[in-house]
Amino acid sequence: MKRVSLLIVLLLLLTSCSAGKSKSGTDKKQYVIGFSQIGAESSWRERNTESVLDAGKKADYKILYKNANQSQAEQIKDVRSFIASRVDLIILTPIVETGWKHVLEEAAAADIPVVINDRLISEEDSHLYQTFVGPNVPIQGIQTADFLKKKFKNVPAPINIVEIQGSKDASPAISRHAGLLEGIKDDTRFQMIASVHGDFMLSKGREAIKNVAKSHDLRQVDVIYCHNDDMTDGVVSYLEETDIKPGKDIIICSVDGQQSAINLLKAGKINCVIECDPNMGEMLFEVVTAVLEGKDVPKENFTTGRIFSEFSELNKIEERGY
């Protein structure tokens with residue numbers, strides 16, 4: 001009887017041990033990932049956050065998520081809290097390019113790898129992070145320029161452009177501006193007559209074009225180039241209160257691909273939308289897993305995007321989901 005009882009105890013112990021192992025028979029560690037997001041300034045950003053958190057959960061990581069509410073100081077504080085918690089890896093979506101050197105040096109000293117997501121930091125600090133996952137942003141400006149050249153193919157000079165940039169010192173604002181300039185540099189018909197910041201927000205985009213109207217006659221403006229769809233929404237709402245018809249009297253180009261922008265494109269109120277896909281969570285965690293497993297990863301891992309314009313088959317554009 002004692003022998004039978006002993007066998008039962010041994011079987012229970014073996015069962016318990018097996019339950020704590022992966023299918024491969026080895027102990028499985030649940031990695032802890034610190035994710036510092038800049039905020040929730042747009043539908044695009046909200047969808048991006050959901051994508052990252054969903055992919056992390058699917059990969060069975062424990063995610064410590066922090067929303068910095070558009071504050072770099074808060075974001076640095078959040079990263080330091082991850083370091084103090086001894087997370088296995090940090091995902092950082094930096095609100096601006098500069099100012100990260102010290103906190104990333106602290107992460108390196110703690111032997112915690114950092115993966116930059118969506119937005120870049122300054123090149124001089126690039127040695128302080130493992131890899132980047134996100135869009136190739138300068139191409140978005142070049143793609144906008146390609147559309148404008150097609151749209152204004154037979155139009156004489158000048159073609160006046162007003163640019164509504166994103167947040168000052170944010171890498172997408174810097175790169176989308178540089179990309180457009182690169183794309184139009186060989187066509188002297190295009191002239192940038194105003195470039196102002198709208199902080200990637202609808203209300204700020206509306207305010208920005210309203211301020212431009214105080215110093216420039218908008219009837220002399222041929223193109224408005226907005227760095228994201230929320231600012232485009234603000235610009236269109238303002239123009240609709242004037243005698244200027246958006247999408248007709250002024251050609252409007254946007255970036256991101258939110259449903260609101262696709263609706264405006266289909267209504268003929270804007271003319272071109274460059275997609276910047278927020279659903280990068282799956283690719284991000286493939287890279288994160290490779291880093292944690294000690295594999296070599298490229299320094300840059302670019303997501304892809306499409307071009308939606310008045311030249312597209314608009315009825316074939318699927319619902320965006322954000």
Enquirer: Tell me whether the rings of Y65 and F35 are parallel (<30°), tilted (30 to 60°) or perpendicular (>60°).
Expert: tilted
Enquirer: With no hydrogens and no angle check, is any side-chain donor or acceptor of N228 less than 3.5 Å from a backbone partner on M231?
Expert: yes
Enquirer: Can you confirm whether I252 sits close enough to K269 that some side-chain heavy atom of one is under 4.5 Å from a side-chain heavy atom of the other?
Expert: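 The answer is no; the side chains never approach within 4.5 Å.
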Enquirer: Both conditions, 6.0 Å and 45 degrees, for the charged tip of K185 above the ring of F190: are they met here?
Expert: no
Enquirer: Calculate, to the nearest 0.5 Å, the distance between atoms CD and CD1 belonging to E41 and I38 respectively.
Expert: 4.5 Å
Enquirer: Show, in sequence, the C-alpha distance, side-chain angles and deciding distance for N48 and Q37, and conclude whether the side-chain hydrogen bond (donor to acceptor under 3.5 Å, both in side chains) test is met.
Expert: CA-CA 9 Å; N48 174 244; Q37 180 63 284; 3.1 Å; yes
Enquirer: Pair Y61, T289 - check side-chain hydrogen bond (donor to acceptor under 3.5 Å, both in side chains), show working.
Expert: CA-CA 10 Å; Y61 292 120; T289 299; 2.7 Å; yes
Enquirer: May I ask you to test the F302-I139 pair for a side-chain heavy-atom distance under 4.5 Å?
Expert: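 Not touching, per the 4.5 Å side-chain cut-off.
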Enquirer: Please check if V221 and V155 belong to a single hydrophobic cluster, counting links between Ile, Leu, Val, Met, Phe, Trp and Tyr side chain heavy atoms closer than 4.5 Å.
Expert: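 No, it is not one cluster - the side chains of V221 and V155 are not joined through contacts under 4.5 Å.
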Enquirer: Side-chain heavy atoms nearer than 4.5 Å, only ILVMFWY residues, links allowed to pass through others: does that put V115 and F132 together?
Expert: no
Enquirer: Are Y225 and H227 an aromatic pair by the rule of ring centers under 6.0 Å?
Expert: yes
Enquirer: Quick check: does any side chain N or O of Q130 sit under 3.5 Å from a backbone N or O of H127, one acting as donor and the other as acceptor?
Expert: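 Between the backbone of H127 and the side chain of Q130 there is no qualifying donor-acceptor contact (under 3.5 Å).
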Enquirer: Run the side-chain contact (heavy atoms from CB on, under 4.5 Å) test on V223 and N160 for me, step by step, so that the C-alpha distance in whole Å, both residues' side-chain angles and the decisive distance to 0.1 Å come before the verdict.
Expert: CA-CA 6 Å; V223 177; N160 296 322; over 6 Å; no
Enquirer: Short question: side chain of T242, backbone of I244 - any donor-acceptor pair under 3.5 Å?
Expert: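 Looks like yes, one N/O pair under 3.5 Å.
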Enquirer: Is D243 close to D249 at the side-chain level, that is, under 4.5 Å between some pair of heavy atoms?
Expert: no
Enquirer: Just do the side-chain contact (heavy atoms from CB on, under 4.5 Å) check on K214 and N211 with the steps written out, would you?
Expert: CA-CA 5 Å; K214 294 176 182 177; N211 288 334; 3.5 Å; yes
Enquirer: How close do D230 and S43 get, counting heavy atoms only, and between which atoms?
Expert: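 The pair with the smallest heavy-atom distance is OD1-N, 4.1 Å.
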Enquirer: Heavy-atom distance under 4.5 Å between the side chains of L128 and V114, does that happen here?
Expert: no
Enquirer: Are side-chain N/O atoms of S254 and D229 paired as donor and acceptor at under 3.5 Å?
Expert: yes
Enquirer: Going from CD on E240 to NZ on K245, what distance comes out if it is rounded to the nearest 0.5 angstrom?
Expert: 11.5 Å
Enquirer: Taking side chain as C-beta onward, heavy atoms only, is L92 less than 4.5 Å from V79?
Expert: yes
Enquirer: Show your working on side-chain hydrogen bond (donor to acceptor under 3.5 Å, both in side chains) between E97 and S171 and close with a plain yes or no.
Expert: CA-CA 6 Å; E97 281 196 345; S171 66; 4.7 Å; no
Enquirer: Give a yes or no on this: more than 12 heavy atoms of other residues, nucleotides or ligands lie within 6.0 Å of atom NZ of K66.
Expert: no
Enquirer: Is it the case that the side chain of N271 and the backbone of G247 share a donor-acceptor pair, with hydrogens and angles ignored and the cut-off at 3.5 Å?
Expert: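 The answer is yes, because a donor-acceptor pair under 3.5 Å joins these two groups.
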Enquirer: Do the side chains of Y129 and L292 join up, straight or via other hydrophobic residues, at under 4.5 Å, putting them in one cluster?
Expert: no
Enquirer: For G257, is there any backbone N or O sitting under 3.5 Å from a side-chain donor or acceptor partner on Y322?
Expert: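 Yes, the answer is positive, given that a donor and an acceptor are paired below the 3.5 Å cut-off.
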Enquirer: Using a strict 4.0 Å threshold on nitrogen-to-oxygen distance, state whether E105 and R80 make a salt bridge.
Expert: no
Enquirer: Which pair of heavy atoms, one from E310 and one from K151, lies closest together, and at what distance?
Expert: OE2-NZ, 2.7 Å
Enquirer: Do R206 and E241 meet the salt-bridge criterion of a basic N to acidic O distance under 4.0 Å?
Expert: yes
Enquirer: Kindly check if the number of other-residue, nucleotide or ligand heavy atoms within 6.0 Å of CZ (R219) is above 12?
Expert: no
Enquirer: Please check if the number of heavy atoms outside D186 that lie under 6.0 Å from its CG is greater than 12.
Expert: yes
Enquirer: Using only heavy-atom distances, determine whether the side chains of N301 and T131 contain a donor-acceptor pair under 3.5 Å.
Expert: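 Judged by distance alone, the side chains do pair up.
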Enquirer: Any non-hydrogen side-chain atom of I161 less than 4.5 Å from a side-chain atom of I184?
Expert: yes
Enquirer: Heavy-atom distance under 4.5 Å between the side chains of P94 and W100, does that happen here?
Expert: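 They are in contact (side-chain heavy atoms under 4.5 Å apart), so the answer is yes.
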Enquirer: So for atom NZ, which belongs to K299, do other residues, nucleotides or ligands contribute more than 12 heavy atoms lying within a distance under 6.0 Å?
Expert: yes
Enquirer: Is the NZ atom of K210 crowded by more than 12 outside heavy atoms at less than 6.0 Å?
Expert: no
Enquirer: Are the side chain of D88 and the backbone of I33 linked by a donor-acceptor contact shorter than 3.5 Å?
Expert: no
Enquirer: Carefully, step by step, assess S42 and F200 under the rule side-chain contact (heavy atoms from CB on, under 4.5 Å).
Expert: CA-CA 8 Å; S42 64; F200 294 113; over 6 Å; no
Enquirer: Can you measure from CD (Q258) to CZ (R320) and round to the nearest 0.5 angstrom?
Expert: 9.5 Å
Enquirer: Within the side chain of D199, is there an N or O that forms a donor-acceptor pair under 3.5 Å with the backbone of M201?
Expert: no
Enquirer: Can you give the donor-acceptor pairs under 3.5 Å from side chains of residues 117-125 to other protein atoms, not counting sequence neighbours?
Expert:
unit_1 : atom_1 : unit_2 : atom_2 : d
N117   : ND2    : V133   : O      : 3.0
D118   : OD2    : R45    : NH1    : 2.9
D118   : OD2    : R45    : NH2    : 3.0
R119   : NH1    : I95    : O      : 2.9
S122   : OG     : D125   : OD2    : 3.4

Enquirer: Is L53 linked to I116 within one hydrophobic cluster, defined over Ile, Leu, Val, Met, Phe, Trp and Tyr using a side-chain heavy-atom separation of less than 4.5 Å?
Expert: no
Enquirer: Drop me the distance from C226's SG to I270's CD1, to the nearest 0.5 angstrom.
Expert: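 The SG atom of C226 sits 8.5 Å away from the CD1 atom of I270.
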Enquirer: Say whether, by atom type as modelled, one donor and one acceptor occur between the side chain of S237 and the main chain of G234 under 3.5 angstrom.
Expert: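 Present.
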Enquirer: As an exercise, state the distance from CZ of R176 to SG of C276, rounded to the nearest 0.5 Å.
Expert: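 So the CZ of R176 and the SG of C276 are separated by 5.0 Å.
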Enquirer: Report the distance from atom CE of M192 to atom CD of E163, rounding to the nearest 0.5 Å.
Expert: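 It is 4.0 Å, given to the nearest 0.5 Å.
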Enquirer: Look only at the side chain of H197 and the backbone of Q165, and say whether a donor-acceptor pair between them is shorter than 3.5 Å.
Expert: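 Answer holds: no.
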Enquirer: Could you go through I274 and F308, starting from their C-alpha distance and side-chain angles, then the distance that decides it, and tell me whether this counts as side-chain contact (heavy atoms from CB on, under 4.5 Å)?
Expert: CA-CA 6 Å; I274 307 299; F308 305 118; over 6 Å; no
Enquirer: Distance-only check: which donor-acceptor pairs under 3.5 Å involve side-chain atoms of residues 278-285, not counting sequence neighbours?
Expert:
unit_1 : atom_1 : unit_2 : atom_2 : d
N279   : OD1    : R47    : NE     : 2.7
N279   : OD1    : R47    : NH2    : 3.0
N279   : ND2    : D277   : OD1    : 2.9

Enquirer: Does NZ or CZ of K150 come closer than 6.0 Å to the centre of the six-membered ring of F311, within 45° of the ring's axis?
Expert: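 Positive - K150 is close enough to the ring of F311 and near enough to its axis.
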Enquirer: Considering residues at least two apart in sequence or located in another chain, which fulfil the salt bridge (Lys or Arg N to Asp or Glu O under 4.0 Å) criterion with K248?
Expert: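 If we apply the salt bridge (Lys or Arg N to Asp or Glu O under 4.0 Å) test to K248, skipping adjacent residues, there are no hits.
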Enquirer: Is the count of non-hydrogen atoms from other residues, nucleotides or ligands lying under 6.0 Å from D217 atom CG greater than 12?
Expert: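 Counting other residues, nucleotides and ligands, CG of D217 exceeds 12 neighbours.
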Enquirer: E182 side chain to H177 main-chain N or O, any donor-acceptor pair under 3.5 Å?
Expert: no
Enquirer: Side-chain contact, heavy-atom cut-off 4.5 Å: L218 with V212?
Expert: yes
Enquirer: At their closest point, which heavy atom of I307 faces which heavy atom of C272, and how far apart are they?
Expert: CG2-SG, 4.2 Å
